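Taking it in order: structure first as C-alpha cells, then the write-up.
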Amino acid sequence: MNFRPLWRYEDAWWEGVVTTLELTALAVLGGLALGLLGARALRSGHPVATRITRGYVEVIRNTPALIQIFLIFFVLPGLGLRLPPFPAAAIALSIYFGAYMTEIFRSGLDSIPKSQIEAGACLGLSRWQMFRHVVLPPALRNIYPSMTSQFVLLMLGTSLASQVSVDELFHAAGFIDSRTYRSFEVYALACAIYLGMAIFFRLAFAGIGKLAFRWPEGR
C-alpha cells in the first residue's frame, strides 16, 4: 500500500471536492425551491395541482437518480435541448432533491396543531404573521433533522454525476486510478474524503440546529 503517488494529483482531488460542493449547493437551492412549491401545492387543496405534485413525488422517489440524470443528459438533446454535463446533473439532482423536500416540508407544516393556528387567529395576527411567528419556527424545528440528513445523502449522491463526465470527486478518483493503477489507495482516499465531508456537515448542522432551535428550552 503506497499513497505517495496520489499526491501528485492534489489539484485533481481539490477540483473534485470543489465541484462536488458546487453541485450539491446548486441542487439544494433548486430542490428547496421545488420542495416549497410542492408543499404549497399539496396544501392548496386544488385537485389538479395536488395530483401533479403527487405524481412528481411518486415518480422521482421510486426511480433511480441515475436514470433521472441520464434522461436529462441523453434524452433532452433529442427534443432539441442539449445541456453540458454539469448543468444537466444539477437540474436532475434538484428535481430529485425537490421530491423529497416536498414531503419533508409538507410533513413539517402538517405537524403544527390546528389549535395553535386558531390561537394565532384569535390574537388578530395576519396570515403572514401567523406563518412567520406561529407556523414556521416549530415546523422548521420538526423537519430540520430530516433536511440535514437529506442534504448529506444528496452530497454523497453527486457521485452519480460522474456517469455523465462531471468532474466531481468520484470522477477525479477514476481519472487518478487510470493514471496510477492504484485502485485500492485511490478509492480508499476518495472514501475517506466523502466520509470527512459527511461528518463535517453533520457536526456543522448539529451545531447550527442547537443555536437556531434552542429558544423553546430557554422560555
Side-chain angles (χ1 to χ4, degrees), residues 19-112 135 139-171 173-174 187 190-191 194-195 197-198 201-202 205:
T19 303
T20 294
L21 295 177
E22 289 176 344
L23 186 57
T24 303
L26 287 175
V28 165
L29 291 176
L32 288 176
L34 286 174
L36 285 171
L37 289 174
R40 173 68 178 167
L42 290 177
R43 290 175 59 84
S44 67
H46 193 285
V48 175
T50 300
R51 287 174 186 169
I52 291 174
T53 306
R54 283 283 175 212
Y56 157 65
V57 171
E58 291 302 320
V59 169
I60 297 301
R61 291 177 65 186
N62 292 291
T63 54
L66 182 58
I67 290 180
Q68 296 159 22
I69 294 174
F70 279 4
L71 286 174
I72 296 291
F73 187 70
F74 292 115
V75 176
L76 286 186
L79 303 175
L81 180 60
R82 184 180 298 277
L83 294 173
F86 186 89
I91 291 172
L93 291 173
S94 295
I95 294 172
Y96 173 79
F97 189 62
Y100 285 89
M101 290 310 303
T102 295
E103 282 298 298
I104 290 173
F105 281 135
R106 182 200 57 74
S107 64
L109 295 174
D110 288 348
S111 69
I112 307 304
V135 176
L140 279 178
R141 185 183 57 204
N142 291 341
I143 66 176
Y144 186 74
S146 300
M147 288 178 62
T148 57
S149 295
Q150 203 60 45
F151 173 90
V152 173
L153 289 174
L154 174 69
M155 184 196 67
L156 299 177
T158 57
S159 60
L160 296 173
S162 65
Q163 300 302 307
V164 292
S165 300
V166 176
D167 296 328
E168 45 70 62
L169 179 57
F170 191 75
H171 189 272
Y187 290 110
C191 181
Y194 276 119
L195 180 62
M197 291 195 296
F201 281 114
R202 286 192 186 280
F205 285 136

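Quick caveat: nothing in here was measured; it's all calculated off a predicted structure. For this chain, numbers begin at 1 and follow the sequence in order. Values below: every heavy atom of this structure, side chains too, minus hydrogens, waters and symmetry copies.
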Please report, to 0.1 Å, the donor-acceptor pairs under 3.5 Å made by any side chain of residues 23-36, with sequence neighbours excluded.
from: Thr24; atom 1: OG1; to: Thr20; atom 2: O; distance (Å): 2.7

Nearest heavy atoms of [X] and [Y], plus distance in Å:
| X | Y | value |
| --- | --- | --- |
| Leu169 | Ala190 | CD2-O, 4.2 Å |
| Ile104 | Ser107 | O-OG, 2.8 Å |
| Val164 | Pro85 | O-CB, 3.1 Å |
| Ile72 | Ala88 | CG2-O, 3.6 Å |
| Met155 | Tyr194 | CE-O, 4.3 Å |
| Gly108 | Ala139 | O-CB, 3.6 Å |

Rounded at 0.5 Å granularity, tell me how far [atom1] in [X] sits from [atom2] in [Y].
| X | Y | atom1 | atom2 | result |
| --- | --- | --- | --- | --- |
| Ile69 | Ile91 | CD1 | CD1 | 11.5 Å |
| Ser44 | Leu37 | OG | CG | 11.5 Å |
| Gln150 | Tyr96 | CD | OH | 6.0 Å |
| Met147 | Asn142 | CE | CG | 12.0 Å |
| His171 | Thr158 | NE2 | OG1 | 13.0 Å |
| Phe73 | Ser165 | CZ | OG | 6.5 Å |

Pairs flagged by salt bridge (charged side-chain N to carboxylate O under 4.0 Å, His left out) wherever [range] is involved - sequence neighbours left out:
| range | result |
| --- | --- |
| residues 152-163 | none |
| residues 149-167 | none |
| residues 22-49 | Arg43-Asp110 |

- Query: Would you find a donor on one side and an acceptor on the other, under 3.5 Å apart, between the side chain of Gln68 and the backbone of Leu71?
  - Reply: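 A pair under 3.5 Å: no.
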
- Is there a donor-acceptor pair closer than 3.5 Å between any side-chain N or O of Ser159 and the backbone N or O of Leu156?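 Looks like yes, one N/O pair under 3.5 Å.
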
- Please work out whether the ring planes of Tyr187 and Phe170 are parallel, tilted or perpendicular, with thresholds of 30° and 60°.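 Tyr187 vs Phe170 ring planes: tilted.
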
- Message: With heavy-atom distances below 4.5 Å as the criterion, would you say the side chains of Phe86 and Thr19 are in contact?
- Response: yes

- Item | Pairs involving residues 20-71, ordered by first then second residue, that meet ring pair (Phe, Tyr, Trp, His ring centres under 6.0 Å) (sequence neighbours left out) | Phe70-Phe74

- Note on the structure: Those residues at least two apart in sequence (or on a different chain) that pass salt bridge (charged side-chain N to carboxylate O under 4.0 Å, His left out) with Arg54 are Glu103

